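This report refers to the structure that appears directly beneath it.
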Amino acid sequence: MREQLNETETITRALAVLAAVAEDRYDDVEPLLDGLARSSVAGVIRALAGLTVDSVALLRGLDYETPEGRAEVADQARRLVMRELAGDGDG
């Protein structure tokens, strides 16, 4: 049976993934997610996505309480992810 995380464990796991990536330990990410229930993996992803959205909004001075602001935050977050995937994650 796959491991089901509670809210605290989900946040802790998301922060562990974040730390692994920040420390350039990409090989450590898969073991952090391996063996988790699909809903727990989804929870970790949601936590990381939420952090990304909040960070983009804060750093870019965007208000994501409005439809226009949410669209701009989504666009900026996509651009950030695409730059990272292209290997140009300088910001």
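Everything numeric here is computed off the predicted structure, so don't read it as measured data. The basis for the numbers below is simple: all heavy atoms, side chains too, and nothing from hydrogens, waters or symmetry mates.
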Requested in this report: Mind checking the CD-OG1 spacing from Gln76 to Thr52? Nearest 0.5 Å is all I need.
Outcome: 13.0 Å
Query raised in the report: Can you tell me if Arg70 uses its side chain to pair, donor with acceptor, with the backbone of Glu65 under 3.5 Å?
Result: yes
Query raised in the report: Any idea which heavy atoms bring Ala14 and Val44 closest together, and the distance?
Result: CA-CG1, 3.9 Å
Query raised in the report: Is any side-chain heavy atom of Leu62 closer than 4.5 Å to a side-chain heavy atom of Glu72?
Result: yes
**Report entry** Close side-chain approach of Tyr64 to Val56, heavy-atom, < 4.5 Å
**Finding:** no
Query raised in the report: Is the backbone N or O of Asn6 less than 3.5 Å from a side-chain atom of Glu9, with the two atoms forming a donor-acceptor pair by type?
Result: yes
**Report entry** No-hydrogen, no-angle side-chain donor-acceptor test under 3.5 Å, Gln4 and Ser39
**Finding:** yes
Report summary line: Heavy atoms of Val29 and Ala20 approach each other most closely as CG2-CB, 4.2 Å
Query raised in the report: Are Tyr26 and Val41 linked, directly or through other ILVMFWY residues, by side chains that come within less than 4.5 angstrom of each other?
Result: yes
Query raised in the report: Quick check: are there more than 12 heavy atoms from other residues, nucleotides or ligands sitting under 6.0 Å from CD of Glu7?
Result: no
Query raised in the report: Atom CG of Leu58 and atom CG of Leu51: how far apart are they, to the nearest 0.5 Å?
Result: 10.5 Å
Query raised in the report: With a 4.5 Å heavy-atom cut-off, do Glu3 and Arg13 have their side chains touching?
Result: yes
**Report entry** Arg38 atom CZ: more than 12 heavy-atom contacts under 6.0 Å
**Finding:** no
Query raised in the report: From Leu15 CG over to Thr10 OG1, what is the distance, rounded to the nearest 0.5 angstrom?
Result: 11.0 Å
Report summary line: Interatomic distance, CG@Leu85 vs CG@Leu80, rounded to 0.5 Å, equals 9.5 Å
Query raised in the report: Between CD1 of Ile11 and CG of Leu48, what distance do you get to the nearest 0.5 Å?
Result: 11.0 Å
Query raised in the report: Rounded to the nearest 0.5 Å, how far apart are CG of Leu36 and CG of Leu5?
Result: 5.0 Å
